[in-house]
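So the structure is just underneath, and the comments pick up after that.
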There are 2 protein chains.
Amino acid sequence: MLTERQLLILQVIIDDFIESAHPVGSRAIAKKEVIPYSAATIRNEMADLEDLGFLEKTHSSSGRIPSEKGYRYYVDHLISPNILHQEGNVIKHMIQDGFFEFEQIVQMSAEVLSKLTNYTSIILGPEIFETKLKQIQIIPLSVSTAVAILVTNTGHVEHRAFSIPEEIDSSDLEKMVNILNDQLHGVPILQLAEKFNAGIEAMMQKYVSDLNNSYQHLKGAFLQDHPVKLYIGGKSNMLMQPEFNDVDKIRAFYTMIENEDEIVNLLKQSSEGIKVSIGQENDVAAIKDLSLITAAYHLGEGQMGTIALLGPTRMEYRKVISLLSILSNEMTDVLYTRYKDED
Amino acid sequence: MLTERQLLILQVIIDDFIESAHPVGSRAIAKKEVIPYSAATIRNEMADLEDLGFLEKTHSSSGRIPSEKGYRYYVDHLISPNILHQEGNVIKHMIQDGFFEFEQIVQMSAEVLSKLTNYTSIILGPEIFETKLKQIQIIPLSVSTAVAILVTNTGHVEHRAFSIPEEIDSSDLEKMVNILNDQLHGVPILQLAEKFNAGIEAMMQKYVSDLNNSYQHLKGAFLQDHPVKLYIGGKSNMLMQPEFNDVDKIRAFYTMIENEDEIVNLLKQSSEGIKVSIGQENDVAAIKDLSLITAAYHLGEGQMGTIALLGPTRMEYRKVISLLSILSNEMTDVLYTRYKDED
DNA sequence: GTTAGCACTCATTGCTTTCGAGTGCTAATG
DNA sequence: CATTAGCACTCGAAAGCAATGAGTGCTAAC
């Protein structure tokens, strides 16, 4: 168990390093106001903290830097979530004001988050599957092409152009759309495929004269993959971090960040609440020298997505955790009141 | 005027440098099969070419690299557009096959282009203003919100959520939409605002009982800015170029490439055909050590947009020019046949 | 238990030296 | 007279080396 003094010193060292990015030496610590001990005392404590695995040296006569274990302890025990009135208000205003489309909120959030922190923000979702179908439209473009439009209760709009057989007649098309809207209104997007394959085709046959393969086209248009939306903000913020002063590291980072699949997988496993993964704690090899903080946001009961911040292990954990917690709560809030009791 | 031999040597030097990125010396040139002269002769010619401004030295005893004037001469006189059967087919297939929406074509083009070249591709457009309105839809989400959807003849879909006064009744909304579709079908997007402000409001007053401010909301939803769409592919390709072996250059590049406004301005001034801007020839300071190749593509008569490739001045001009020319022709072709005679 | 003092370590910086690729010039050559 | 061989010279890059200084660990004194 760590003594009070050790806790204090560990905290001061980590705070200092997070700010300066330079290994911190005993003299610098001893000079701080909160530290009433001499450099020599600090040196002894630092040596102990190193033995315990919380600190490291970059070389035998350098100052100390936090180890990953040190950061872990810091995150778990040493940071009291500080209140960010300023930033909190920015976020609240942004989210409450004037936006009606989910995607705008999300996109904007990613940008604000990366601006406030100078790290890279990643937002996953909304998981469209948990939203419900509001309405379907088909708009003919020419004799052989049309665009299918699908609107969800969250104001999300998907569209896709598709080809239609020339024979089909516009009143038939209209009938089909009517039947679809009738049958599918309020159905979760997740279950669309199911419903499409269930009774709808048979039902259409009754009303639409020459069904042939137009139903297949239509089905194809609506059952396109709904790709998981990924918003990344502040990719180039990393370039400003001193740990990215090396071209190879930059290359590695950009190679990783542009591989969307990997990132989606990374965030998908995220759980309830706020989760901090420091360096090696990350499963994905490409970010084993970075830290990832994730927070889930919700729509009603179903989890909908994840907000994350990616930065160096030397991260402003306190600030980032506060911001993420504010933002995820706000998003959950807005989403809940806005879309919950409408169908 | 350059002699035949000087032309040959200049060409070989530039080709070599484009490939290797290293200053090329007289010995290396003399060894090439096409060169029947000794290194000493080459040295003399190189000195002359340097005096003429086509070559430069990086330091007094280094090999030569092309000057910007050298590249300019090379582009204007020394490259015969080579035939890229392989890549040309890739592009043709990609564009002709299976895509119905303009944006997909454009996006895909940007990606293919950057993959084929290893430079950064930028595609501007389509200039939505030159396309025509196909249909308008309004889909209520809740008592107080709705989403407005606008479809153009190119299959482009814009949508925006907006708030509606609670009093308005859904049959009125329907009437309004009907009137709008009636009046606005086939109208170029550019003229939408004009039409909206002209007779439409008066006309609506006749049919819709309680118009109050719902028309204003509606107008607002449809007259949103239609932002110029910008597609950038292969941003991180630059990291692989040896001229970006320096963190500062990388920072400068990313700062520039993420400033979309500047890029839009850069490409907007582009003219007919293919245009090559080498280094200092560029108006924008941020790319004065890069080269930019732009090509216009069209829909019918109206110019619609610009495809561009951005790379180091040491660029594979021959390949890039061929690719851009193929791609812009294909795009123009597809767009013309697909959307021209439908309205 | 705390601290002052001191020898020791090691990254960083700046200075030389060496090495080699490449040049420019001169003189020889067909 | 154009071409080429030969050679001294230049300069960047890499390697070696000493000086500097921030920081440590340890011991002895308070």
Side-chain angles (χ1 to χ4, degrees), chain A residues 1-10 12-14 16-17 19-67 70 242-243 245-247, chain B residues 1-10 12-14 16-17 19-67 70 242-243 245-247:
Chain A
M1 201 48 219
L2 296 181
T3 67
E4 277 301 316
R5 192 165 72 183
Q6 285 175 322
L7 288 180
L8 177 64
I9 292 174
L10 181 57
V12 171
I13 290 176
I14 298 186
D16 189 286
F17 182 71
E19 196 192 323
S20 74
H22 294 300
V24 357
S26 55
R27 233 177 79 87
I29 295 301
K31 270 194 211 149
K32 307 239 170 192
E33 289 199 352
V34 285
I35 303 285
Y37 311 102
S38 76
T41 309
I42 304 296
R43 275 203 289 285
N44 289 327
E45 294 285 25
M46 281 168 117
D48 289 347
L49 285 168
E50 184 177 356
D51 289 343
L52 291 168
F54 294 109
L55 295 179
E56 291 175 349
K57 288 191 274 194
T58 61
H59 60 89
S60 78
S61 72
S62 78
R64 302 300 204 295
I65 63 172
S67 68
E243 17 282 279
N245 56 1
D246 171 16
V247 181
Chain B
M1 199 52 220
L2 296 181
T3 66
E4 278 299 314
R5 192 166 71 184
Q6 284 174 322
L7 289 179
L8 176 65
I9 291 173
L10 181 58
V12 170
I13 290 176
I14 298 186
D16 189 286
F17 182 70
E19 197 192 323
S20 73
H22 295 299
V24 357
S26 55
R27 235 178 77 88
I29 296 301
K31 272 194 209 150
K32 308 238 171 194
E33 289 199 353
V34 286
I35 303 287
Y37 311 102
S38 76
T41 307
I42 303 297
R43 275 202 291 285
N44 289 328
E45 295 285 27
M46 282 168 117
D48 290 348
L49 286 168
E50 184 176 357
D51 290 343
L52 292 168
F54 295 108
L55 294 179
E56 290 174 349
K57 288 192 275 196
T58 60
H59 59 88
S60 78
S61 71
S62 78
R64 301 302 204 295
I65 63 172
S67 67
E243 17 282 278
N245 56 0
D246 171 14
V247 182

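So that the names make sense, note that chain A is the first sequence line, chain B the second, and so on, each numbered from 1. The figures here come from the full heavy-atom set of this structure, side chains too, leaving out hydrogens, waters and symmetry mates.
- OP1 or OP2 of C:dG22 has not a single side-chain nitrogen or oxygen of B:Ser62 nearer than 4.0 Å.
- Salt bridge status for A:Glu56 with A:Arg64: absent, with no side-chain N to carboxylate O gap under 4.0 Å.
- Contact of B:Ser61 with D:dT10 (side chain to base): a donor-acceptor pair of N or O atoms is detected under 3.5 Å.
- To the nearest 0.5 Å, the span separating CG on B:Leu2 from CG on B:Asp48 amounts to 10.0 Å.
- Put simply, CD1 on A:Ile9 and CG on A:Leu49 are 6.5 Å apart, with the number rounded to the nearest 0.5 Å.
- Taking only side-chain nitrogens and oxygens, B:Ser26 comes nearer than 4.0 Å to OP1 or OP2 of C:dT23.
- Among the protein residues, B:Thr41 comes within range of the nucleic acid bases, having at least one heavy atom under 4.0 Å from a base atom.
- For A:Asp51 and D:dT24, the CG to C1' distance is 13 Å, given to the nearest whole Å.
- Position along DNA chain D of the nearest nucleotide to B:Ser38 versus A:Arg43 favours B:Ser38 as the more 5'-ward residue.
- A:Arg5 and A:Glu45 are joined by a salt bridge, as a carboxylate oxygen and a charged side-chain nitrogen come within less than 4.0 angstrom of each other.
- Remark on DNA chain D: of its neighbouring residues B:Thr58 and B:Ala40, the 5'-side contact belongs to B:Ala40, judged by nearest-heavy-atom nucleotide.
- Distance, A:Asn44 CG to D:dT24 P: 11 Å, rounded to whole Å.
- Between C:dA11 and A:Lys57, no contact under 4.0 Å exists linking OP1 or OP2 to a side-chain N or O.
- Distance, B:Ile42 CD1 to C:dC25 P: 17 Å, rounded to whole Å.
- Across C:dT9, C:dT2, C:dT23, the shortest atom-to-atom separation from the side chain of A:Tyr37 is found for C:dT2.
- For the pair B:Val24/B:Val12, no side-chain contact is recorded, criterion being any heavy-atom separation below 4.5 Å from C-beta on.
- Atoms NE2 (A:His22) and C1' (C:dA11) sit 14 Å apart, rounded to a whole Å.
- Taking only side-chain nitrogens and oxygens, A:Arg27 never comes nearer than 4.0 Å to OP1 or OP2 of C:dT3.
- Spacing between atom CZ of A:Arg64 and atom C1' of D:dG25 amounts to 9 Å, rounded to whole angstrom units.
- Nearest nucleotide to the side chain of B:His59, out of C:dC6, D:dC11, C:dC10: D:dC11.
- In terms of position on DNA chain C, the residue among A:Arg5 and B:Met46 whose nearest nucleotide sits closer to the 5' end is A:Arg5.
- To the nearest angstrom, P of C:dA11 lies 14 Å from CD1 of A:Ile65.
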